[in-house]
Amino acid sequence: MTRDHPPSRALREANKAFKPAETKKPMTDYAKAEQSQRDNRERLKAERLAREAKGSRPR
């Protein structure tokens with residue numbers, strides 16, 4: 001293909017279709033622990049807010 005001819009529509013679509021898939025880097029042990037801690041904190045926060053909204057706050 002030369003510079004004076006832009007790629008055809010079919011060629012552009014084919015390039016989009018066969019584009020290499022994005023690969024994610026595997027999570028490190030540290031990142032897994034951080035994600036787990038973040039998820040747990042969010043879960044506990046949601047549970048606490050639900051309890052407070054319900055009005056059954058333990059004393």
Check your understanding: Who are the side chain to side chain donor-acceptor pair (under 3.5 Å) partners of Glu42, not counting sequence neighbours?
Key ->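 Result, side chain to side chain donor-acceptor pair (under 3.5 Å) vs Glu42: none returned.
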
Review point. Between Arg9 and Arg12, is any pair of side-chain heavy atoms under 4.5 Å apart?
Key: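 When only atoms from C-beta onward are counted, Arg12 and Arg9 do touch, with a gap below 4.5 Å.
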
Check your understanding: If you round to the nearest 0.5 Å, how far is NZ of Lys16 from NZ of Lys19?
Key ->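 Here the rounded value is 8.0 Å.
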
Check your understanding: Of all residues at least two apart in sequence or in a different chain, which pass the side-chain contact (heavy atoms from CB on, under 4.5 Å) check with Ser36?
Key ->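 Partners of Ser36 by the side-chain contact (heavy atoms from CB on, under 4.5 Å) criterion come out as none, since no residue qualifies.
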
Point to revise | Minimum heavy-atom distance between Met27 and Lys32, given as atom pair plus value | key: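 Heavy-atom minimum between the residues: O-CE, 3.6 Å.
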
